[in-house]
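In this text, all values refer to a predicted model and were calculated from it rather than measured experimentally. Reminder, nothing fancy here: chain letters follow the sequence lines and each chain counts from 1. Below, all heavy atoms of this structure are taken into account, side chains as well, without hydrogens, waters or symmetry copies.
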Amino acid sequence: MPKFWLFKSEPQSYSIDDLRRERSTPWSGVRNYQARNFMQIMSVGDEGFFYHSSCAVPGIVGICRVAHAAYPDATAFDPRSEYYDPKSSPEHPRWMNVDVAFVRAFPEVVPLTRLREIAALDEMPLLQRGQRLSVQPVRAAEWRTILKLV
DNA sequence: GCCAACGTTGGC
DNA sequence: GCCAACGTTGGC
(Lines give C-alpha, C1' and ligand atoms only; values in the text may rest on other atoms or scores of the structure.)
Protein backbone atom coordinates (compact mmCIF):
# COMPACT_ATOMS: atom_id res chain seq x y z
CA MET A 1 0.00 0.00 0.00
CA PRO A 2 1.45 3.37 -0.97
CA LYS A 3 1.67 5.89 1.80
CA PHE A 4 0.92 9.59 1.60
CA TRP A 5 2.99 12.55 2.69
CA LEU A 6 3.22 16.31 2.56
CA PHE A 7 6.39 18.16 1.59
CA LYS A 8 6.75 21.83 2.48
CA SER A 9 8.86 24.19 0.47
CA GLU A 10 9.21 27.92 0.17
CA PRO A 11 8.48 28.60 -3.49
CA GLN A 12 11.08 31.36 -3.61
CA SER A 13 13.70 28.73 -2.92
CA TYR A 14 12.10 25.69 -4.62
CA SER A 15 8.64 25.66 -6.18
CA ILE A 16 6.42 23.07 -7.85
CA ASP A 17 7.40 24.67 -11.17
CA ASP A 18 11.05 24.03 -10.36
CA LEU A 19 10.19 20.39 -9.76
CA ARG A 20 8.23 20.21 -13.01
CA ARG A 21 11.28 21.52 -14.88
CA GLU A 22 13.72 19.18 -13.18
CA ARG A 23 11.32 16.21 -13.19
CA SER A 24 12.96 14.91 -10.01
CA THR A 25 15.07 16.26 -7.15
CA PRO A 26 16.74 15.14 -3.93
CA TRP A 27 14.66 16.44 -1.02
CA SER A 28 17.83 17.54 0.73
CA GLY A 29 18.48 20.08 3.45
CA VAL A 30 16.00 18.69 5.97
CA ARG A 31 17.58 19.19 9.40
CA ASN A 32 14.87 17.96 11.67
CA TYR A 33 14.95 14.46 13.12
CA GLN A 34 11.25 13.80 12.92
CA ALA A 35 11.10 14.86 9.28
CA ARG A 36 14.16 12.75 8.55
CA ASN A 37 12.58 9.75 10.23
CA PHE A 38 9.53 10.07 8.02
CA MET A 39 11.71 10.11 4.92
CA GLN A 40 13.44 6.96 6.14
CA ILE A 41 10.17 5.03 6.12
CA MET A 42 9.09 6.26 2.68
CA SER A 43 8.89 3.78 -0.19
CA VAL A 44 9.28 4.32 -3.89
CA GLY A 45 5.83 5.05 -5.24
CA ASP A 46 4.52 6.83 -2.14
CA GLU A 47 2.78 10.05 -3.08
CA GLY A 48 3.02 13.46 -1.52
CA PHE A 49 1.35 16.83 -1.60
CA PHE A 50 3.65 19.69 -2.50
CA TYR A 51 3.01 22.60 -0.15
CA HIS A 52 4.13 26.19 -0.63
CA SER A 53 4.94 28.01 2.61
CA SER A 54 6.00 31.56 3.46
CA CYS A 55 4.37 33.05 0.39
CA ALA A 56 1.34 35.10 -0.59
CA VAL A 57 -1.08 32.15 -0.59
CA PRO A 58 0.31 29.27 1.44
CA GLY A 59 -1.26 25.97 0.39
CA ILE A 60 -1.06 22.73 -1.55
CA VAL A 61 -0.04 23.26 -5.14
CA GLY A 62 0.43 19.78 -6.57
CA ILE A 63 1.52 16.19 -6.22
CA CYS A 64 4.88 14.49 -6.25
CA ARG A 65 6.01 10.91 -5.89
CA VAL A 66 8.85 9.25 -4.02
CA ALA A 67 11.28 8.20 -6.75
CA HIS A 68 14.14 6.93 -4.59
CA ALA A 69 14.25 5.69 -1.01
CA ALA A 70 16.23 7.59 1.64
CA TYR A 71 20.01 7.88 1.29
CA PRO A 72 22.61 10.13 2.94
CA ASP A 73 22.10 13.85 2.31
CA ALA A 74 25.22 15.03 0.49
CA THR A 75 24.62 18.71 1.30
CA ALA A 76 25.48 17.94 4.94
CA PHE A 77 29.03 17.01 3.86
CA ASP A 78 29.68 20.16 1.85
CA PRO A 79 31.24 23.03 3.85
CA ARG A 80 30.04 25.49 1.24
CA SER A 81 26.44 24.35 1.46
CA GLU A 82 24.03 26.33 3.60
CA TYR A 83 22.95 22.93 4.92
CA TYR A 84 26.44 21.86 5.95
CA ASP A 85 26.57 19.92 9.21
CA PRO A 86 30.05 19.08 10.48
CA LYS A 87 28.53 16.41 12.69
CA SER A 88 27.46 14.43 9.65
CA SER A 89 30.03 12.49 7.64
CA PRO A 90 29.85 9.93 4.83
CA GLU A 91 30.98 7.31 7.37
CA HIS A 92 28.31 8.35 9.87
CA PRO A 93 25.63 10.25 7.99
CA ARG A 94 23.19 12.08 10.22
CA TRP A 95 20.82 13.41 7.58
CA MET A 96 19.01 11.58 4.81
CA ASN A 97 16.85 12.49 1.87
CA VAL A 98 14.57 10.79 -0.61
CA ASP A 99 14.23 11.79 -4.24
CA VAL A 100 10.85 13.18 -5.24
CA ALA A 101 9.52 13.31 -8.78
CA PHE A 102 6.96 15.66 -10.28
CA VAL A 103 3.49 14.19 -10.79
CA ARG A 104 1.25 17.17 -11.40
CA ALA A 105 0.58 20.76 -10.50
CA PHE A 106 -2.97 21.73 -9.54
CA PRO A 107 -4.69 24.33 -11.75
CA GLU A 108 -5.03 26.44 -8.62
CA VAL A 109 -3.50 26.37 -5.18
CA VAL A 110 -5.64 24.78 -2.47
CA PRO A 111 -5.08 27.42 0.19
CA LEU A 112 -4.28 26.70 3.79
CA THR A 113 -7.34 28.77 4.70
CA ARG A 114 -9.52 26.39 2.66
CA LEU A 115 -8.03 23.33 4.36
CA ARG A 116 -8.88 24.84 7.72
CA GLU A 117 -12.55 24.95 6.75
CA ILE A 118 -12.77 21.17 6.34
CA ALA A 119 -13.66 19.33 9.53
CA ALA A 120 -12.31 16.02 8.20
CA LEU A 121 -8.84 17.59 8.06
CA ASP A 122 -8.82 18.83 11.64
CA GLU A 123 -6.20 16.36 12.76
CA MET A 124 -3.64 17.01 10.05
CA PRO A 125 -0.31 18.06 11.58
CA LEU A 126 -0.19 20.88 9.04
CA LEU A 127 -3.19 22.52 10.67
CA GLN A 128 -2.04 22.16 14.27
CA ARG A 129 -1.02 25.28 16.10
CA GLY A 130 2.69 25.88 15.98
CA GLN A 131 3.37 22.88 13.77
CA ARG A 132 6.53 23.41 11.73
CA LEU A 133 7.33 19.93 10.49
CA SER A 134 8.47 20.20 6.88
CA VAL A 135 7.80 16.56 5.99
CA GLN A 136 4.68 15.00 7.42
CA PRO A 137 2.38 12.01 6.95
CA VAL A 138 -1.06 12.34 5.40
CA ARG A 139 -3.81 9.81 6.04
CA ALA A 140 -5.45 8.09 3.07
CA ALA A 141 -8.81 9.64 3.99
CA GLU A 142 -7.24 13.09 4.20
CA TRP A 143 -5.54 12.55 0.86
CA ARG A 144 -8.88 11.75 -0.79
CA THR A 145 -10.63 14.65 0.91
CA ILE A 146 -8.03 17.12 -0.31
CA LEU A 147 -8.11 15.80 -3.88
CA LYS A 148 -11.80 16.66 -3.98
CA LEU A 149 -10.92 20.29 -3.27
CA VAL A 150 -8.72 20.63 -6.35
C1' DG B 1 8.11 43.06 10.10
C1' DC B 2 5.93 40.88 14.09
C1' DC B 3 5.69 37.33 17.10
C1' DA B 4 4.05 32.73 18.91
C1' DA B 5 5.58 28.26 19.01
C1' DC B 6 8.88 25.11 18.76
C1' DG B 7 13.52 22.49 18.55
C1' DT B 8 18.28 22.68 19.79
C1' DT B 9 22.21 23.97 22.41
C1' DG B 10 25.09 24.15 26.21
C1' DG B 11 26.18 25.54 31.03
C1' DC B 12 25.53 23.78 35.34
C1' DG C 1 19.07 15.75 33.31
C1' DC C 2 17.32 20.45 33.83
C1' DC C 3 16.20 24.53 31.75
C1' DA C 4 17.28 29.27 30.01
C1' DA C 5 18.79 31.23 25.94
C1' DC C 6 18.81 31.22 21.35
C1' DG C 7 17.66 30.49 16.44
C1' DT C 8 14.15 29.11 13.20
C1' DT C 9 9.64 28.52 11.20
C1' DG C 10 5.84 30.32 9.06
C1' DG C 11 1.24 32.54 9.26
C1' DC C 12 -0.45 36.92 9.43
Side-chain angles (χ1 to χ4, degrees), chain A residues 3-22 25-42 46-66 69-139 141-150:
Chain A
K3 300 179 290 295
F4 301 106
W5 308 96
L6 180 142
F7 296 86
K8 281 189 201 171
S9 185
E10 300 186 12
Q12 57 192 38
S13 79
Y14 198 87
S15 71
I16 186 84
D17 289 329
D18 293 322
L19 183 60
R20 180 182 3 225
R21 262 192 304 277
E22 296 192 333
T25 192
W27 204 256
S28 56
V30 172
R31 297 294 177 265
N32 171 281
Y33 290 104
Q34 206 180 346
R36 180 204 63 184
N37 295 346
F38 284 132
M39 284 200 283
Q40 286 180 306
I41 59 171
M42 290 180 187
D46 285 1
E47 289 186 285
F49 287 128
F50 198 108
Y51 179 90
H52 280 177
S53 66
S54 295
C55 55
V57 184
I60 297 173
V61 294
I63 293 176
C64 57
R65 181 170 32 79
V66 176
Y71 59 96
D73 182 339
T75 64
F77 309 143
D78 177 3
R80 281 159 306 180
S81 168
E82 61 175 312
Y83 302 116
Y84 177 57
D85 181 355
K87 292 174 183 158
S88 187
S89 67
E91 296 73 30
H92 298 283
R94 171 175 299 206
W95 304 112
M96 313 281 283
N97 63 259
V98 296
D99 287 347
V100 300
F102 177 82
V103 173
R104 70 184 174 109
F106 296 155
E108 291 178 44
V109 59
V110 179
L112 178 62
T113 51
R114 178 82 181 102
L115 301 176
R116 289 199 188 284
E117 294 170 352
I118 314 294
L121 302 178
D122 277 352
E123 294 183 9
M124 289 187 75
L126 181 72
L127 306 184
Q128 305 311 305
R129 176 183 188 79
Q131 179 56 256
R132 304 180 308 183
L133 201 55
S134 64
V135 175
Q136 29 181 290
V138 174
R139 294 173 180 161
E142 293 162 344
W143 182 268
R144 290 190 299 268
T145 297
I146 290 168
L147 286 182
K148 289 180 194 156
L149 304 175
V150 177

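For the residue pair A/Thr75 / A/Asp78, no side-chain donor-acceptor distance below 3.5 Å is found, with atom types taken as modelled.
The side chain of A/Arg132 has C/dG7 as its nearest neighbour among C/dC12, C/dG11, C/dG7. Relative to the side chain of A/Lys87, the nucleotides B/dA5, B/dT9, C/dG11 differ in distance, and B/dT9 lies closest. Side-chain proximity of A/Tyr33 to C/dC12, C/dT9, B/dT8: nearest is B/dT8. The side chain of A/Thr113 lies closest to C/dC12, out of C/dG11, B/dA5, C/dC12.
For the OP1/OP2 pair of C/dT8 and a distance below 4.0 Å, the side-chain nitrogens and oxygens of A/Tyr83 include no atom meeting the criterion. Note on A/Lys8: a side-chain N or O is less than 4.0 Å away from OP1 or OP2 of C/dG10.
Checked against a 6.0 Å centroid threshold, the rings of A/Trp95 and A/Tyr71 do not count as neighbours.
Residues A/Asn32 and A/Val135 have side chains not in contact (no heavy-atom distance under 4.5 Å, counting atoms from C-beta outward).
Between A/Gln131 atom CD and B/dA5 atom C1' there is a gap of 10 Å when expressed in whole angstrom units. When the C1' atom of B/dC3 is taken as reference, atom CZ of A/Arg129 falls 11 Å away, rounded to whole Å. If you take CG of A/Leu126 and C1' of C/dT9, they are 13 Å apart, rounded to a whole angstrom.
Under the 30°/60° scheme for interplanar angles, the aromatic rings of A/Trp143 and A/Phe4 are found to lie parallel.
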